[in-house]
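In what follows, a single structure is set out as structure tokens and then discussed.
Every heavy atom of this structure was used, including side-chain atoms; hydrogens, water molecules and symmetry mates were not. In this chain, residues are counted from 1 in sequence order.
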Amino acid sequence: MLSYVSNFAFSTLPAHLSWRLMFAAGVVPTVFLAAGVLTMPESPRWLAMKGRTDEAKAVLDRTSDTLAESQQRLLEIQEVVDTDSNGAGGGAWKEVATKAGVRRVLATVLALQFFQQASGIDSVVLYGPRVLAMAGVTSNTLLLGLNVLFGVAKAGSILIAMVLADRVGRRPLLLVSAGGMTASLLVLGSVFAAFGGAKDDAVVAAVAVAAVVAFVCTFSVGFGPLAWVYSSEILPLRLRGQGAGLGTAMNRVMSGIVTMTFISLYGAITMAGTFYLYAAVTAASFVFIYTCLPETRGRNLEDMEQLFRTK
């Protein structure tokens, strides 16, 4: 959201200067991030692996709701560390190969991360002004101003997801998200199919803007944050590092594919065809969530394997 605001602020400067300042502004958050990393504690599991149990307990005390929870998590970590050290490595991957529940958990993580990015969210986030320009919005200032609106909508929807995730559950929010994204993309695709190329048509432009805002909001109230939440809480502790790494790799690879193919894709199958394609992907994600994802709200980590095995 702040990057959209800074882009809007710099857009009034001369062209040779404005885009350079837009890029340079990206240095600011990385400086704060680097400073923040210096204050981060080590992973409790890493500390336990190094025999620094007291330090691991201190970190868990800071990050757990209760001391009892902290002690339980420490016992789980020590059990995993002892198992890994006795098994001479490779234990986590052996479980993926031999246990159906673990395989399903990992497959779920990969599928969620795939669908999150294959929905085309980055095409709207990164190419929003181009999309709206082709829908008839001709003012550059208005295009960048609308991008700020998208950022506010995205950030606000994530806050809503934070409030609702533990009240209504992960599964309902993911289903609402996938359904809303599908409907928004169908509307956006239909706008381009029926009125593509129309200039200065306020009604067409307004419908396109509304569809994009709806897409961003429905993504951010469900798939955006909850793909990460759901993935992290279903992974067994002994597979947490490998599973999170594979899930993140899937997410970033799909993000790169969507980002690098968007312009070529709408050049080949039109803007309407592109958004219809993304709509088909999000519809498939709805089916996946409905048929394959159990509710995890209020479940203990120990329950997840059995939950996915029986599901």
Taking side chain as C-beta onward, heavy atoms only, is Q116 less than 4.5 Å from I121?
no
Report yes or no: does S43 contribute a side-chain atom to a donor-acceptor pair with the main-chain N or O of R45 at less than 3.5 Å?
yes
Looking at side-chain heavy atoms only, is the closest gap between F150 and L132 below 4.5 Å?
yes
Within the distance-only criterion (no hydrogens, no angle test), does the side chain of T63 pair as donor or acceptor with the backbone N or O of V59 below 3.5 angstrom?
yes
Nearest 0.5 Å, what's the CZ-CZ distance between F10 and F23?
13.0 Å
Determine whether N147 and P129 make a side-chain contact, defined as any pair of heavy atoms from C-beta on separated by less than 4.5 Å.
yes
Could you go through Q242 and L239, starting from their C-alpha distance and side-chain angles, then the distance that decides it, and tell me whether this counts as side chain to side chain contact (heavy atoms under 4.5 Å, CB included)?
CA-CA 6 Å; Q242 297 92 329; L239 191 61; 4.0 Å; yes
Of the non-hydrogen atoms in G189 and A272, which two are nearest, and what is the gap between them?
O-CB, 3.3 Å
For the atom pair CG (L277) and CG (L185), what is the distance rounded to the nearest 0.5 Å?
10.0 Å
Just say parallel, tilted or perpendicular for the rings of F192 and F275, cut-offs at 30° and 60°.
parallel
Show me the donor-acceptor pairs within less than 3.5 Å that the side chains of residues 33-41 make with the rest of the protein, sequence neighbours left out.
from: T39; atom 1: OG1; to: G36; atom 2: O; distance (Å): 2.7

Can the ring centroids of F262 and Y266 be said to lie less than 6.0 angstrom from one another?
yes
Just checking, any donor-acceptor pair under 3.5 angstrom between side chains of S190 and Y276?
yes
For a quick test of reading the model, state the closest non-hydrogen atom pair linking R297 to A165 and the distance between them.
CD-O, 4.0 Å
Establish whether I257 and V124 are linked, either directly or via other cluster members, by ILVMFWY side-chain heavy-atom contacts under 4.5 Å.
yes
Applying side chain to side chain contact (heavy atoms under 4.5 Å, CB included) to F286 and T291, what does each step give before you reach the verdict?
CA-CA 9 Å; F286 182 94; T291 58; over 6 Å; no
List the steps and the verdict of side chain to side chain contact (heavy atoms under 4.5 Å, CB included) for K154 and V125.
CA-CA 10 Å; K154 197 172 189 298; V125 169; 4.1 Å; yes
More than 12 heavy atoms from other groups under 6.0 Å of CE on M49:
no
For L112 versus L293, what's the shortest heavy-atom pair and its separation?
CD2-CD2, 4.0 Å
For L13 and S18, which heavy atoms make the closest approach, and how far apart are they?
O-CB, 3.9 Å
Whether F215 and F219 hold their rings parallel, tilted or perpendicular, with breakpoints at 30° and 60°:
tilted
Are side-chain heavy atoms of S70 and K57 found at a separation under 4.5 Å?
yes
Ion pair check, E233 and R170, cut-off under 4.0 Å:
yes
Any donor-acceptor N/O pair, R20 side chain to H16 backbone, under 3.5 Å:
yes
Is it the case that S157 and S220 place a side-chain donor and acceptor less than 3.5 Å from each other?
no
On a heavy-atom basis, the closest approach of G180 and T218 is C-OG1, 3.6 Å
Determine yes or no for a side-chain-to-main-chain donor-acceptor pair under 3.5 angstrom, with S264 supplying the side chain and T261 the backbone.
no
Are M22 and S11 side-chain neighbours, meaning at least one heavy-atom pair lies under 4.5 Å?
yes
What distance separates S231 OG from Q113 CD, expressed to the nearest 0.5 Å?
4.5 Å
Do L17 and L21 come close enough that some side-chain heavy atom pair is under 4.5 Å?
yes
Is a side-chain donor or acceptor of S177 paired with a backbone partner of L174 at a separation under 3.5 angstrom?
no
Using the side chain to side chain contact (heavy atoms under 4.5 Å, CB included) rule, take T296 and I234 through it: C-alpha gap first, then chi angles, then the decisive distance, then the call.
CA-CA 8 Å; T296 59; I234 66 175; 3.8 Å; yes
Is the backbone N or O of T282 less than 3.5 Å from a side-chain atom of S119, with the two atoms forming a donor-acceptor pair by type?
no
Hey, does the Lys NZ or Arg CZ of R171 hover above the aromatic six-ring of Y290, less than 6.0 Å from the centre and inside 45° of the axis?
yes
Under 4.5 Å between any side-chain heavy atoms of V148 and M1, yes or no?
no
Do the non-hydrogen side-chain atoms of T108 and Y230 ever get within less than 4.5 Å of each other?
yes
Spell out, as yes or no, whether a donor-acceptor pair under 3.5 Å connects the side chain of T270 to the backbone of G273.
yes
If I take atom CD from residue Q117 and atom OG from residue S123, how far apart are they, to the nearest 0.5 angstrom?
10.0 Å
Flag, side chain of Y278 to backbone of L186, donor-acceptor distance under 3.5 Å
no
CZ of R73 to CG of L60: how many Å apart, nearest 0.5 Å?
5.0 Å
For A244 versus L235, what's the shortest heavy-atom pair and its separation?
N-CD1, 3.6 Å
Gap between atom CG of D61 and atom CD of E69 - 0.5 Å precision:
10.5 Å
